Amino acid sequence: MSQIVESAMYGLSQLFLLPVLLLVAALFFYAFYALGCFAVQARQRQRGELRAFELRAALSARPGLHLTALEAIAVKRLEMLRIASRVGPMLGLVATMIPMGPALMALADGQLQEVSRNLMVAFSAVILALIASAITYGIASVRRRWLATELAEIEHESLPETREHDDPVAPLAAEGVL
């Protein structure tokens with residue numbers, strides 16, 4: 001019974017090698033796409049172009065947005081980068097571990113060429129996944145700072161207006177009724 005379960009688990013894990021390798025490749029290409037977008041946005045920010053300041057652009061397109069909506073926009077803008085930076089190491093580990101089973105079996109059979117092929121796949125995948133994660137983590141960190149700074153500036157600019165218009169009790173408190 002134990003051997004059947006072990007064989008089933010081994011066979012099932014081997015089914016995931018190709019999808020995981022494809023996800024690692026997609027993540028790697030996404031990281032470089034994101035890096036290019038980041039470089040363009042950094043250049044636009046240096047030039048002072050409005051579209052590079054995402055929250056200000058959203059606010060100018062929809063002037064009635066509240067700070068909570070702007071925070072939601074900021075979180076959404078960072079979401080894919082955060083997912084990529086966190087999932088990358090997991091995919092790399094999975095892509096490393098799956099070929100290790102066949103590599104160990106080939107080693108037991110004395111097939112050193114098969115061992116080296118499986119180890120090459122394993123270590124190449126983890127390297128690409130870690131590079132992609134490092135790139136997306138760096139981009140996410142800088143963009144988080146940009147968005148937090150933008151949000152703080154917008155909040156500071158709109159604070160007096162927010163107190164007057166959003167708080168129904170503020171006028172009463174100002175008149176001394178409360």
Side-chain angles (χ1 to χ4, degrees), residues 1-47 49 51-55 57-58 68-152:
M1 179 68 172
S2 173
Q3 191 174 12
I4 294 171
V5 172
E6 290 171 8
S7 294
M9 289 180 71
Y10 174 79
L12 186 60
S13 71
Q14 293 306 305
L15 291 175
F16 285 99
L17 181 59
L18 182 60
V20 168
L21 290 177
L22 291 174
L23 285 172
V24 167
L27 180 65
F28 187 74
F29 289 119
Y30 170 75
F32 280 94
Y33 168 77
L35 185 60
C37 292
F38 174 75
V40 168
Q41 185 180 14
R43 184 72 175 152
Q44 290 171 340
R45 287 176 69 88
Q46 282 180 336
R47 293 179 181 165
E49 296 177 25
R51 66 179 172 222
F53 297 88
E54 298 169 83
L55 299 179
T68 307
L70 291 172
E71 287 174 6
I73 290 169
V75 168
K76 184 178 178 182
R77 298 278 198 258
L78 292 172
E79 191 169 36
M80 188 60 190
L81 288 168
R82 292 182 65 215
I83 289 170
S85 68
R86 288 189 168 105
V87 169
M90 292 179 227
L91 290 175
L93 179 61
V94 171
T96 301
M97 298 309 294
I98 292 173
M100 292 301 255
L104 290 173
M105 287 174 46
L107 182 63
D109 293 340
Q111 301 172 348
L112 294 180
Q113 188 172 4
E114 188 66 22
V115 171
S116 85
R117 188 186 70 77
N118 281 309
L119 291 178
M120 181 181 70
V121 169
F123 292 117
S124 297
V126 76
I127 289 167
L128 293 180
L130 290 174
I131 288 170
S133 292
I135 290 169
T136 55
Y137 178 78
I139 295 168
S141 295
V142 173
R143 291 192 74 213
R144 184 180 311 118
R145 179 178 44 85
W146 286 350
L147 291 167
T149 302
E150 246 182 281
L151 191 60

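These figures come from a predicted structure and were not determined experimentally.
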Exercise. Is there a side-chain contact between Val87 and Leu27, using heavy atoms and a 4.5 Å cut-off?
Worked result: no
Exercise. Does a side-chain heavy-atom distance below 4.5 Å link Arg77 with Trp146?
Worked result: no
Exercise. Knowing that exactly one of Gln46, Arg143, Glu49 qualifies, which makes a side chain to side chain donor-acceptor pair (under 3.5 Å) with Gln41?
Worked result: Arg143
Problem set entry | Interatomic distance, Gln111 atom CD to Arg117 atom CZ [nearest 0.5 angstrom] | 10.5 Å
For this session: Hey, could you give me the CG/CG distance between Leu128 and Leu21, rounded to the nearest 0.5 Å?
Result: 9.5 Å
Exercise. Below 4.5 Å, heavy atoms only, C-beta onward: do Tyr10 and Pro102 meet side chain to side chain?
Worked result: yes
For this session: Could you pull out the closest heavy-atom pair between Gly92 and Thr96, with the gap in Å?
Result: O-OG1, 2.7 Å
Exercise. Is there side-chain contact between Phe38 and Val142, with heavy atoms separated by less than 4.5 Å?
Worked result: yes
Exercise. Is the CZ atom of Phe29 crowded by more than 12 outside heavy atoms at less than 6.0 Å?
Worked result: no
Problem set entry | Beyond-backbone contact of Pro89 with Leu130, side-chain heavy atoms, under 4.5 angstrom | yes
Exercise. What's the spacing between Leu78 CG and Ile73 CD1 if we round to 0.5 Å?
Worked result: 12.0 Å
Exercise. In Å, rounded to the nearest 0.5 Å, how long is the span from CZ of Phe28 to CD1 of Ile131?
Worked result: 5.5 Å
Exercise. So does Tyr30 have more than 12 non-hydrogen atoms from other groups sitting under 6.0 Å from OH?
Worked result: yes
Exercise. Where do Ile135 and Ala31 come nearest, in terms of heavy atoms and distance?
Worked result: CG2-O, 3.5 Å
Problem set entry | Within-4.5 Å side-chain heavy-atom neighbours: Leu147 and Leu151 | no
Exercise. Stepwise, does the side-chain contact (heavy atoms from CB on, under 4.5 Å) test hold for Leu112 with Leu107?
Worked result: CA-CA 6 Å; Leu112 294 180; Leu107 182 63; 3.9 Å; yes
Exercise. Got a salt bridge between Glu79 and Arg82, using NZ or NE/NH1/NH2 to carboxylate O under 4.0 Å?
Worked result: no
For this session: Heavy atoms only: give me the nearest Glu150-Glu54 pair and the separation to one decimal.
Result: OE2-N, 3.4 Å
Exercise. Can you tell me if Ser116 uses its side chain to pair, donor with acceptor, with the backbone of Gln113 under 3.5 Å?
Worked result: yes
Seminar exercise, completed: When rounded to the nearest 0.5 Å, the distance separating OG1 of Thr149 from CG of Leu55 is 10.5 Å
For this session: Mind checking the CG-CG spacing from Leu104 to Leu119? Nearest 0.5 Å is all I need.
Result: 8.0 Å
Exercise. Is there side-chain contact between Gln14 and Ile98, with at least one heavy-atom pair below 4.5 Å?
Worked result: yes
For this session: State, to 0.1 Å, how close Ala129 and Val24 come at their nearest heavy-atom pair, and which atoms those are.
Result: N-CG1, 4.0 Å
